> 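My questions will all concern the structure given below.
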Number of protein chains: 6
Amino acid sequence: MTTRADGRADDELRPISFTRGFTSHPAGSVLVEFGQTRVMCTASVTEGVPPWRRGSGLGWLTAEYSMLPAATHERNKRESVKGSIGGRTHEISRLVGRSLRACIDLAALGENTIALDCDVLQADGGTRTAAITGAYVALADAVTYLRAAGKLSDPQPLSCAIAAVSVGVVDGRVRLDLPYEEDSRAEVDMNVVATDAGTLVEVQGTGEGATFARSTLDALLDVAAVGTQKLFEAQRAVLAEPYPGQLPGNA
Amino acid sequence: MTTRADGRADDELRPISFTRGFTSHPAGSVLVEFGQTRVMCTASVTEGVPPWRRGSGLGWLTAEYSMLPAATHERNKRESVKGSIGGRTHEISRLVGRSLRACIDLAALGENTIALDCDVLQADGGTRTAAITGAYVALADAVTYLRAAGKLSDPQPLSCAIAAVSVGVVDGRVRLDLPYEEDSRAEVDMNVVATDAGTLVEVQGTGEGATFARSTLDALLDVAAVGTQKLFEAQRAVLAEPYPGQLPGNA
Amino acid sequence: MTTRADGRADDELRPISFTRGFTSHPAGSVLVEFGQTRVMCTASVTEGVPPWRRGSGLGWLTAEYSMLPAATHERNKRESVKGSIGGRTHEISRLVGRSLRACIDLAALGENTIALDCDVLQADGGTRTAAITGAYVALADAVTYLRAAGKLSDPQPLSCAIAAVSVGVVDGRVRLDLPYEEDSRAEVDMNVVATDAGTLVEVQGTGEGATFARSTLDALLDVAAVGTQKLFEAQRAVLAEPYPGQLPGNA
Amino acid sequence: MTTRADGRADDELRPISFTRGFTSHPAGSVLVEFGQTRVMCTASVTEGVPPWRRGSGLGWLTAEYSMLPAATHERNKRESVKGSIGGRTHEISRLVGRSLRACIDLAALGENTIALDCDVLQADGGTRTAAITGAYVALADAVTYLRAAGKLSDPQPLSCAIAAVSVGVVDGRVRLDLPYEEDSRAEVDMNVVATDAGTLVEVQGTGEGATFARSTLDALLDVAAVGTQKLFEAQRAVLAEPYPGQLPGNA
Amino acid sequence: MTTRADGRADDELRPISFTRGFTSHPAGSVLVEFGQTRVMCTASVTEGVPPWRRGSGLGWLTAEYSMLPAATHERNKRESVKGSIGGRTHEISRLVGRSLRACIDLAALGENTIALDCDVLQADGGTRTAAITGAYVALADAVTYLRAAGKLSDPQPLSCAIAAVSVGVVDGRVRLDLPYEEDSRAEVDMNVVATDAGTLVEVQGTGEGATFARSTLDALLDVAAVGTQKLFEAQRAVLAEPYPGQLPGNA
Amino acid sequence: MTTRADGRADDELRPISFTRGFTSHPAGSVLVEFGQTRVMCTASVTEGVPPWRRGSGLGWLTAEYSMLPAATHERNKRESVKGSIGGRTHEISRLVGRSLRACIDLAALGENTIALDCDVLQADGGTRTAAITGAYVALADAVTYLRAAGKLSDPQPLSCAIAAVSVGVVDGRVRLDLPYEEDSRAEVDMNVVATDAGTLVEVQGTGEGATFARSTLDALLDVAAVGTQKLFEAQRAVLAEPYPGQLPGNA
C-alpha cells in the first residue's frame, strides 16, 4: 500500500497540538503545532478601529502573518529589513483576517480591534492553515478575557469555530495536511477554511504547472472535511480547559 | 421572474469585447471589456529571467495588476505615491501570473520573460477575471510575435486557453459575472480560472460575513463553467483574426 | 524640401484628437492623442484640501502624471513596484499642476480638491504637453459637472484655456511637436505652456549636450505659438459638444 | 531589608534557562529566558559574505534583533508593516552583532556568514542582554555543527564565551537584571557585555533624566560582574549537554 | 525712485562670494553665497559609472541638491527621515546635473563619475541658481585635481563656464536675483542657466497665479544676461587663484 | 616619548572652536570644530510635541544627526536617496537626543519642541562627540532666545552644561579625542558624555575585535574627564559673549 514519507494515511492529519497561554501579555496566546509546523498565534485587544470604520459603533478584527527568518530550511530575509511586505505575506494575512471575521459578531466589541498575530516559528508546510486554526483558539481566549472584563455587549459573539487544512494531489493521490516535502512537489494544492457548523468560509485551490478536474476538486474537498472535523475536535478539547491566565475581576 | 439590475439572466455574462492591438509597442496589447469593466492587458517580452531562475535555460512569465486612480467611483490613491503596494494588488498580480503560467511551456522561451501588465482603466466588478481573460489574448498575440521573430524553440508553447469569471450568491441567487453593484453586497464571492480543456486552474471562494454550504460551491462552479465556455468562444473568435500589428520578418 | 519622417512641415502639429467621456466615473475623462502619443486625463473631485490649506476657504488643484509600464518601446519598471517615484515623474506632475492652476479660480471650489490624473497609455514624444492639453479639457468638463451640481460659488471659475506643445531643434531646424524619433536626438528641447489669452504660463527650454542662442529661443517660441493656437482651436471645437455623461440634476 | 517586587536580592539574577534545539532548521536554535523575558535566538549559516568583504577570504557574523508585536504589554506595531526599522531595533541589532564578533575568529569560516536572529517572544526587561547571552549558546551550537560538517579551517574558532546583563539604579539602589517594572523607572540603566576571560566587550550606561556619579558606575560594574559570572556558569552547564539535533556525518 | 528692500537696483546682484577649499576631502569644495543664501557645493570623483553607461568608455556627471532642515525660516522635515525625496528636490537635482553636463566632455573622464553635491546651509531665495554657479567652481577645481592626478585623457575637458541666476517680476518690475522676500510674492519667476560663450543652457519661466507676456519674457532674459555676466566675472576672479588644497604629484 | 601623528600628548584635545550664529534662521546655530571634524549644530523651536506627549503640558527635545555625502574621505551615499536611515545614524541621533535631554527642564518649554540638527560638514573622527558638545552651545543660545521671547515658564531651564569626548586605546596607549586615523585602528573605543557638575550622562565603551580590562575602562574614564573639563571651559568662554543674532523684544 502507498505510504507517505511520515507513515500517515492519505487522509490523516499530522499530530496537532495547541499550547494555550504560550505567552502572557496578550488576551489570547496559543502555540499551534501541525507536525513540525509551529505558529505562535496571539489575539491582542486594542482601543479604537481603523479610520474608515470610526463612528460605526462596530469593532474590527485584523490579522498579520509573518515568517521568522530562521523558520525555513534556508534562512529567508526579514521583511522589515527589506522595507516592504511581500505578496505572499500580504495574501496570507488577508486570508487569516477574512477567515476569522466569519465567526465573530464585531458589533459586540464596540469600537475596539482584535489584532491576530500569527508568527511562524518553524515552517514545514501548512503554515497558513495552522495559523488560522490556532488563531481561532487565541480568539476564543481573547473573547473569554473580554467577557470577564465586561467589555462585550453580547457575551457570546462567536457563532462557530473556524479551522483550516491543506489538501493536495501528490504522486497522483489526494492527501491531507501536506508537509513541506509533499507541498513542494504537489500537482494541486488547496486550502480549505471551514466552520464547525458544516459550512465553508474559504476555498483556494491552485494548480501551478498542472490543472485539475472538477472531480479532483470534489475529492480534495471530501478529504479536507475529514481533516477539519478532527481539528474542531482538537480545538474543543483544548478549549474545555480553563483560561490559562489571570482573568480580570475574579472571573 | 427575478431580474438583475441590468436585465441579465443569472447565468448570463455581461457584453464581452476584446480590442487587439490597443496600443502598438508591446508584442500583445488588448483592451478587454466585461460590461463597464475595462482593463488594458499587455504582454511585453524582455530579455533575461529573475536571478533565481538564471542558468536554467527556462523562461519566465510574470504579471502586474494595477488600478488607475480614477478607475473607481471614488478616486483611489496611487500606489506609487503611497510608496508601497497594497495587499489586494499583490494578491491579484500573483493570481494572474499563476493562472497564465498554467498554459505556457516556459522552456520554449529560452531565458526570456513575458511581463503581463493589467491596468484597470475603469472598474465595475470582476476586474481580476477580466484581467486574466484579456491577458490570455495578449499572451497569444505575443506568442505569435515571438514565433514570427524566430524566438521560440517550440512553435506552439500554449497548451490551452485560459479564462476566468466571477460568480457569487446575491440576493440568495447564484449569479454569473457580478458587476460592482452586485459584488459589493454578495454573500459569497468566487473567482474561477479554467482552461478550455475542461480543467480548473484556480478556484477562490470566499464568504465574508456569510459562510456557504458545499452544495452552494457546487452550484457556483456549475454556473462558472457556463461563463468560461462563453469566454473561450469569444477568445477563439477574436484570435481568428490576423495579428493586429506588424510582425517581424514578413510572417 | 525638407521632410520630417512623418511628412509634416516643421511648424505642423501631429493629428490631434480628444475623446471626452473616455471613462465614466470621474467628472472629467478625456483621452488625448498627439499622433501616437495617447494620454488618459481625468479630473476627479474630492472633498477637502491638503492640511496646509485647511481653513482657508479655498480649493486646490493637484496633478499626477504616470507612464504605464508598456507605454514605451522598452517596458519600463512600474514605480509602485520600485517603491518610489522617479525625478522625471515628479517634475512632470508638478508642471501639470502649476500649469492648470493658472486658469482656475480656486476660491470658487470651496474647500474641495480637483485631482488631475494623466496616465500615459502610449508614449511617442510630447507626453507632458499632451497631458496638459488634455487635462484642460477634462478640467473644463469637471467644472461643467460641478456647476450642474451647484458646487461652485462662481459659475465660471476658468479664466482662460491652457495648452502646451513641445518644440525643438532637430537636424538644425526648428520643429513643432516632436515625436520620440525626433525628441531623442533633438539638440534643444523646449516645452511651452500658454493661454488662449496670448500669454505664457511656463517656458522650459533645455539644451542637453548642446547650448543654444537667444535667437534660437525666439524662433522656438514663435513656432510654439503657432502650435498652441491650433490646440486652442481643437479644444474649443471639442468642448462645443455637450457634456458626454449624465449631469447631476437635469442641468 | 529592601525587597524587590519579585523577592530577589539586589545582586540576584532572575531564573535563567536555555532551551537548545528550540527549532530544528537552523544550525543553532535556543530559547533563552531571563525570568519572563523570552527570546528565540538562532544561528543560521549562509554562503557568501557582504559585498565589502568579498575576496577577503574571511567570514562574517551579523545579527538582527526584533520584537514580535504581542511581546509587550501593549501590542507594538510590526516594523515590516511600518516599512522601516526603528532606531531602537537598529541600535540593538548592531550591539548584538558587535558583541558576538568579539569571540569568534571569522577567518575560520571562510567566506560564509553566520546570521544571528534574536526574536523577542515575550518582553519583560533585559531583552537585549538575554538576546546576547542566548545568541552565544546558539552560536556555539552552530560552530559545533560547522565543525562536524568539516566547514571550519580552525576547529575551535571561539576564543571565549559572551554574556550580557543589565544593571541599574532603582529606588536609589544598585540592582541586577532589571525586569520591566524596574527598568521603566530606573534612574540609571546600564548594559554590560563581558567575556568569561574576565574582560569587557561593551559597556553602555545611560542616565536619562538623571545623571550619575563615577562611583555609581563602579558599583554598577561590580554587580554586573556578579551577574555575568552566573550566566557563564549557566551557559557552560547547558553546553555540556550534547548537540540537540542531528549532526552532519555521523558526528 | 523704486527701491528694493535691500537697497539694490533692479538689475543688481546680491553680494556674491565663493570660498574654495571649504572642506578638504572632496576634489572640489566651494561655499557659494548669493547674499544670505549659502550653499556648500562639492565635486567628488568616484570610480565607475551607472549601469546603463557601463562599457561606453564615457564618464558621467550627476548632481544631488538638498536643503538642511534648519536652512529655512521654519525648520523643514529631513527627507531621509520622511523616507522619500520630494518633487522639488528631484527637480532641482536634475536641473543642476543637466546644467553642468553642458560644459564638460565626459569622454575625458574615462568610466568615472563626478558627483556634485549641493547642500543648502542657509536659504534666502535663489538656492538653485547659487548651487549651479557654485557647482561650476567646484567642478573646475575637481578638473584641476584630476588633471594633476593624470586621470584625464583630454587636459581641458571644460568647454565653457556655467552660471545661473533668478529673475522675476515683483511689484510689477523686472528684477534680478530675488531673495526669499521677493521670490515668495513674485508674479513671474524665471531661472536662467547660461554659458560664458553667450549661449543658454536652460530657461525655466513660471507664472504661478499670473501668466506673462512674451515681452516680459524678453525683458527677464535681458536682465538675466546682465546677472550671468557678473557671475562669470566673479567665477573667473576666484578661479585665478591657485587650487586651494594639495594636488597629487607635485603638480 | 610617544608621539601621535598630529603631535598631541595622549591626553590632549585637538584645537576646539565654536562659531555661534553660523547661520541666522534657527534660534541657535553653531559650527563646532574638533580639529578637522566640523559639525553644524542648530537648535530650532517648533510648536507642538509628538503625539504621545500631547496634553502633558511638557515640551520635548529631539535630535537628528546626519553626515553630508562629501564629509568623508570616500563619498558616502545620501540616506534620503537610499530611502532609509542607517543604523549608525539612528544610533547617534538617539544618543545626541538623550544626552541633551539630561540638562534641560522640558516643563519650562510648554508644549513646544526643540529640534537639534547636527549635520557633519567634514568628518575626521569624533563626529558624535563634537555634535553633542556643539549642540549644547546651540541649545544654550536657543534658550536665550526663548527667554527673550517670553516663552519660558522658568527663565533658566538648563541645569548644567553637557560635553562629550571620545577616548580609546591606540597602539596600546590610552588616548583622548581620536581623529579618524587613530579611531579606525583603535582596539577600544569609548564615548563619554558628561556634565559640568561632575556627573556622567552616558558611557559607551566598545572593543570590536579586542576586549578590554576593567582597569582599561578606568583609565579611559580618567582621560575622558580631562577632556570634558577642557570642553566645558571652552563652552563657557564662548557663551560669555553676547547672543550672536537679534533677540526678540529688545532683550
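Naming convention: chains lettered A, B, ... in sequence-line order (proteins, then strands); numbering from 1 in each chain. All figures in this text were calculated on a predicted structure; none of them were measured in a lab.
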> Can Asp119(F) and Arg78(E) be said to form a side-chain contact (heavy atoms from CB on, under 4.5 Å), step by step?
CA-CA 11 Å; Asp119(F) 286 273; Arg78(E) 203 177 279 269; 2.9 Å; yes
> Give a yes or no on whether a salt bridge exists between Glu64(F) and Arg75(E), defined as a side-chain N under 4.0 angstrom from a carboxylate O.
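Result for this pair is yes, salt bridge flagged.
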> Let me know if Glu74(F) has heavy atoms under 4.5 Å from chain E in its side chain, its backbone, both or neither.
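When you check distances to chain E, no heavy atom of Glu74(F) falls under 4.5 Å.
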> How many angstroms lie between atom CE of Met40(F) and atom CE of Met40(E), to the nearest 0.5 angstrom?
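Between Met40(F) CE and Met40(E) CE, I get 11.0 Å after rounding to 0.5 Å.
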> Tell me, for Asp117(E) versus chain F, whether the close heavy atoms (under 4.5 Å) come from the side chain, the backbone, both or neither.
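For Asp117(E), backbone and side chain are both near chain F.
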> Quick check on Val81(F) against chain E: is it the side chain, the backbone, both or neither that has a heavy atom closer than 4.5 Å?
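Contact with chain E: backbone and side chain both.
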> Can you confirm whether more than 12 heavy atoms, excluding those of Tyr145(E), are under 6.0 Å from its OH atom?
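Atom OH in Tyr145(E) is not packed in, count stays at 12 or less.
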> Between Ala43(F) and chain E, with a heavy-atom cut-off of 4.5 Å, which part of the residue counts as in contact: side chain, backbone, both or neither?
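Neither part.
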> For Glu12(E), I'd like to know if atom CD has over 12 heavy atoms of other residues, nucleotides or ligands within 6.0 Å.
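Enclosed: over 12 neighbouring heavy atoms sit under 6.0 Å from CD of Glu12(E).
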> Taking Pro26(E), Ser84(E), Ser24(E) one by one, which has the highest count of heavy-atom pairs under 4.5 Å against chain F?
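When all of Pro26(E), Ser84(E), Ser24(E) are compared, Ser24(E) has the most.
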> Is it the backbone or the side chain of Ser44(E) that comes under 4.5 Å from a heavy atom of chain F, or both, or neither?
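When you check distances to chain F, only side chain atoms of Ser44(E) fall under 4.5 Å.
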> Does Gln156(F) have more than 12 heavy atoms from other residues, nucleotides or ligands lying within 6.0 Å of its CD?
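Atom CD in Gln156(F) is packed in, count exceeds 12.
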> At a 4.5 Å cut-off on heavy atoms, which part of Leu121(F) comes close to chain E: side chain, backbone, both, or neither?
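Both parts, backbone and side chain.
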> Based on non-hydrogen pairs under 4.5 Å, which of Thr89(E), Val45(E), Leu68(E) is most in contact with chain F?
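Heavy-atom pairs under 4.5 Å are most numerous for Leu68(E).
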> Could you tell me which portion of Thr42(F) (side chain, backbone, both or neither) has an atom closer than 4.5 angstrom to a non-hydrogen atom of chain E?
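Thr42(F) touches chain E through side-chain heavy atoms alone.
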